[in-house]
2 protein chains.
Amino acid sequence: MKRKVTLKQIAKELDVSISTVSKSLRNSAEISEDTKLKVQAFAKLYNYRPNNIALSLKNKKTKTIGIIIPEIVHHFFATVISGIEQVANENGYNVIVCLSNESFDKEVINMEVLANGSTDGFIMSLSKETQQKKDFHHIEEVINQGMPVVMFDRITNDVLCDKVIIDDQRAAYEAVDFLINNGFKNIALVTTVDYVSVGKLRTDGYTNAMQDHDMPVSDNMIVKIEDIDNCATKIEKLLLENKPDAIFAVNELFAVTSIKLATKMGIKVPEELSVIGFTDGIISQFSSPSITTVSQNGIKMGGRAAQMLIDRLELEEENEQYTTELIETHLVERESTSTL
Amino acid sequence: MKRKVTLKQIAKELDVSISTVSKSLRNSAEISEDTKLKVQAFAKLYNYRPNNIALSLKNKKTKTIGIIIPEIVHHFFATVISGIEQVANENGYNVIVCLSNESFDKEVINMEVLANGSTDGFIMSLSKETQQKKDFHHIEEVINQGMPVVMFDRITNDVLCDKVIIDDQRAAYEAVDFLINNGFKNIALVTTVDYVSVGKLRTDGYTNAMQDHDMPVSDNMIVKIEDIDNCATKIEKLLLENKPDAIFAVNELFAVTSIKLATKMGIKVPEELSVIGFTDGIISQFSSPSITTVSQNGIKMGGRAAQMLIDRLELEEENEQYTTELIETHLVERESTSTL
DNA sequence: GAACGTTACGCAAACGTTGTCGTGTTGAAA
DNA sequence: TTTCAACACGACAACGTTTGCGTAACGTTC
């Protein structure tokens, strides 16, 4: 086993000082060509690579981005990570991923651990519990210590920092608008509980679209789901009692679940019921019928978030100007909607 | 903005030495109660936390695990990461994730970068290109430098290290066996090209099961797919010309694609064609019909891999004994298979 | 009052870098 | 021969920690 070689070892081996070795490898003009060549050859032979940790300590920069998200077994979050990773990599950064599992405490702990020197900044999406508690002291604190934070998707306006989101309300509005323009009269909404910020915004988009077209917004037509595992009865009740001709669901899972339940009840999709989902993930693409959905480009979102963070990291002067960037969405028409 | 406080600053503030502060905070018996209390109170007030980077440099341990996988927008890999993260976290480790995007070069670069002090060890799954080239020098090198590596799923026997896999061949055998026992006579295989190790093993499992039941293994009944985007014609040809009554697909995507194509051609699943997939991901669960599949527990796989790595990291003496652990699989019966 | 033990702290090295500054040796100009 | 720049290199500090060891001050013992 040959352990990694250090400057000190090279110096000892060649009988020069550590500084000479360091300077030679960085091609300093201070060192003679002879010595430089000798050192460089030796370093190459022994495959010398500077120790990242030592560099981090010296430079006070880790070239590492901390990502804190609720979960990773989730198509959208996975695409965002993918986008972050790509941009980070292009800029010489690595990413360290922490999962909050929707828990406030774990989110706090993860941030605190990473903030102690492990990363230069954060990209994060809030856990449900954090959104519910509205407690953002851990994020404020990190920002206060001079570490930039970029929030995406599940954000809060209570924290001043860069943000990347889609225009959830508008995207939902357009989806519902699409249904209305196609002649649907009885449009139901399957959404999350209100404290999930994106759920709330999408709900608002639905409401606004309905109202703008002078269509009634009835509580009977709105199902708010807290726990996906126990949502069946609620949706079945909706289908049975209110007979919607279209459903707008605020995520894939709600969409596909609605379709499955409808099919089981003998309601044909899309002939008797059209369904639009949100998030263009695996489910929307591969379920039968495939699902018409609002596509949010996670790769792009992650990429932008990473770029914003890196830009801020590599800026010398502090910039108190924070921006919120909108990633455009578009409706992907598939098989789950019919045009009447 | 209040930057993070260091031992030095506390020492200066309280007019004691750095060592006194350090020892006080670690509750050393060398320091008087008075001083300890004073220092601890001050540290708490200023929310002192040791700098991870400095600790890493000193201890030559980063408490970080490097994960290198082909992609992350992939249900199975996401579950594995989730499993790794959980166990890592319980043991005070963080994970840093790198994606090879199935590229050999990127895999090599990622390993080299992380090996320069950023992580204590690796958990990885080989990129397709690496499996094709059979070039594992980057992994050998890392191991040679004393960093443990645990490989999972896409492994190679050419490298000596701990491994976590499912018994791909056996799992495939059992799936095909299940079909045979249910009376299917004309069982096709949709698989990958041979250099993908798991694809090959699953193919072998199919072949063995067929042979053990004295059923013919015909090349016509085996479709090897290199590129998912251009596989339609091959599968259509299979369905049209060879009229299988069942298909065993070596992954979800192949399974769902086969079902979709069959349905499009008017072949009813499962009435006229039964399909079994591999990997119990989102697609299998939510497509219609839902897909009978071989479930490989990614969470468990990741968890075991992490535990193996950590065990080795926290062992003092070197242990040249490497183990390959098998994670059990089981068949999840759903709607895509009928019992004749 | 000398010898010794205990207490409570500080010094310094180490981890692996980088970069500033100081210094010894050369060769050339005066 | 003296002076001085240019050259080539080394010493050292710094980044933030931990820890072994040295030591000043004090109190006890005979």
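Side chains are part of it too, since the values below use all heavy atoms of this structure and drop only hydrogens, waters and symmetry mates. Here the structure is a predicted model, which is why all the values come from computation and not from measurement. Proteins come first, then strands; the chains are lettered A, B, ... in the order of their sequence lines, and each starts at number 1.
- At whole-Å resolution of the value, CG in A:Asp34 and P in C:dT25 are 19 Å apart.
- If you take CD1 of B:Ile31 and P of C:dG10, they are 7 Å apart, rounded to a whole angstrom.
- Distance check, rounded to the nearest 0.5 Å: CG of A:Leu55 to CG of B:Leu57 gives 10.0 Å.
- Under 3.5 Å, the side chains of B:Asn91 and B:Glu314 contain no donor-acceptor pair of N or O atoms.
- Toward the 5′ end of DNA chain C lies the nearest nucleotide of B:Ala29, the other residue of the pair B:Ala29 and B:Asn59 mapping further downstream.
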**Request:** For side chain to side chain contact (heavy atoms under 4.5 Å, CB included), just list the numbers for B:Gln307 and B:Asp311, CA-CA rounded to whole Å, side-chain angles, deciding distance to a tenth of an Å, and then say yes or no.
**Result:** CA-CA 6 Å; B:Gln307 197 58 60; B:Asp311 284 351; 3.1 Å; yes
For nucleotides 19-27 of chain D, 5' to 3', base contacts (B), sugar-phosphate-only contacts (S) and non-contacts (-) with protein non-hydrogen atoms under 4.0 Å give BBB------
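- Residue-level contact check: B:Leu55 touches the backbone only, with heavy atoms under 4.0 Å from sugar-phosphate atoms and none from bases.
- Using a 4.0 Å heavy-atom criterion, one finds that B:Thr35 contacts the sugar-phosphate atoms exclusively.
- Atom NZ of A:Lys60 is separated from atom C1' of C:dT18 by 15 Å (rounded to the nearest Å).
- Whole-Å rounding puts the A:Leu7 CG to C:dA14 C1' distance at 15 Å.
- Nucleic acid contact for B:Ser28: none, since no nucleic acid atom lies under 4.0 Å from a heavy atom of the residue.
- Distance CD1 (A:Ile53) to C1' (C:dG16): 11 Å, rounded to an integer number of Å.
- For B:Lys8 and D:dA14, the shortest distance from a side-chain N or O to OP1 or OP2 is not below 4.0 Å.
- Rounded to an integer number of Å, the gap from A:Glu33 CD to D:dC7 P is 12 Å.
- A:Asn116 has its CG atom 18 Å from the P atom of D:dC15, to the nearest Å.
- With respect to A:Lys300 and A:Glu325, no salt bridge is recorded, no charged nitrogen being found less than 4.0 Å from a carboxylate O.
- In this structure, the separation between OH on A:Tyr93 and OG1 on A:Thr64 is 9.0 Å, given to the nearest 0.5 Å.
- Under the 3.5 Å distance criterion, with hydrogens and angles disregarded, no donor-acceptor pair is assigned to the side chains of B:Asn116 and B:Glu112.
- At least one side-chain heavy atom of B:Ile165 sits less than 4.5 Å from a side-chain heavy atom of B:Thr324.
- Look at B:Ser32 and you won't find any side-chain N or O under 4.0 angstrom from OP1 or OP2 of C:dA8.
- The CG atom of B:Leu57 sits 9 Å away from the P atom of C:dT17 (whole-angstrom rounding).
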